[in-house]
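Structure first, then comments.
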Amino acid sequence: DAGVIQSPRHEVTEMGQEVTLRCKPISGHNSLFWYRQTMMRGLELLIYFNNNVPIDDSGMPEDRFSAKMPNASFSTLKIQPSEPRDSAVYFCASSSREISTDTQYFGPGTRLTVL
Amino acid sequence: AQTVTQSQPEMSVQEAETVTLSCTYDTSENNYYLFWYKQPPSRQMILVIRQEAYKQQNATENRFSVNFQKAAKSFSLKISDSQLGDTAMYFCAFSIQGAQKLVFGQGTRLTINP
């Protein structure tokens, strides 16, 4: 089985540009999570979805960040406009209470650099 | 609020040795899960082992085992016969059963030397 798929793996952009990160969860998983990892703050949960519905977005840093999950096999995290402090590795993870008892499986991450 | 503490920022051992990574957590909940994730230089987050709080038996996965002390709120990871490929950051994580949100520790950077 394919694991969690994220694209792009690397993104370099200039301040003020829009950035869209994409995630395909493991087939059959009904929960999806977006994390951000930085040296200063470690791993932070940004938002998570159950059955395509956003459940908790309290970790989203500000209105420049938005996330959507239009269907069970696709989610996006958008930053508009991007700022240098958004530079980080962004992970997507998925889980299923029925299949994996809430164990989260992570994608390879997207390394974002905002110049 | 739940917190996870890893008190060892860095550790280094020789290949084939046994190493133990420490993790403590704080919660008032009774039903929860504990995890160890490995992050090698490739930065992929890889699940190493998980433990359900209601199980008294310590989880094992090949060379990896845990020492789960519920009363002490301690969850250490033991790596036996360490290999060069075990070199990575190791994160301890916690989630309340049903709540889904993972809380991570700060990580321990483990280096296995040849």
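Lettering of chains follows the sequences in order, A, B, ..., and the numbering in each one begins at 1. Computed from a predicted structure; not experimentally measured.
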- prompt: Has B/Lys38 got more than 12 heavy atoms of other residues, nucleotides or ligands less than 6.0 Å from its NZ?
  reply: yes
field: Atom of B/Arg43, atom of A/Arg9 and distance for their closest heavy-atom approach
entry: NH2-O, 3.0 Å
task: Please round to the nearest 0.5 Å and tell me the distance separating atom NZ of B/Lys101 and atom CG of A/Leu45.
output: 6.0 Å
field: Nearest-0.5 Å distance that lies between atom CG in A/Leu43 and atom CE in B/Met89
entry: 9.0 Å
- request: Answer with yes or no whether the hydrophobic clustering places B/Ile49 together with B/Leu110; edges join I, L, V, M, F, W, Y residues whose side-chain heavy atoms lie under 4.5 Å apart.
  value: yes
statement: The interface call for A/Arg41 against chain B, heavy-atom contacts under 4.5 Å, is neither
- request: Please check if atom CG in A/Asn71 has more than 12 non-hydrogen atoms from other residues, nucleotides or ligands closer than 6.0 Å.
  value: yes
- prompt: Is the closest side-chain heavy-atom distance between A/Gln37 and B/Phe91 below 4.5 Å?
  reply: yes
message: Given A/Gln104, which partner from the list B/Tyr33, B/Tyr37, B/Phe35 fulfils the side-chain contact (heavy atoms from CB on, under 4.5 Å) test?
response: B/Tyr37
- prompt: When you look at CD of B/Gln57, are more than 12 heavy atoms from neighbouring residues, nucleotides or ligands closer to it than 6.0 Å?
  reply: no
message: For A/Phe106, is there any backbone N or O sitting under 3.5 Å from a side-chain donor or acceptor partner on B/Gln44?
response: yes
query: Counting heavy atoms not belonging to B/Lys78, are there more than 12 under 6.0 Å from its NZ?
result: no
message: Within a 6.0 Å radius of atom NZ on B/Lys70, are there more than 12 heavy atoms belonging to other residues, nucleotides or ligands?
response: yes
- prompt: Side chains of B/Leu102 and A/Phe33: does their closest heavy-atom pair fall under 4.5 Å?
  reply: no
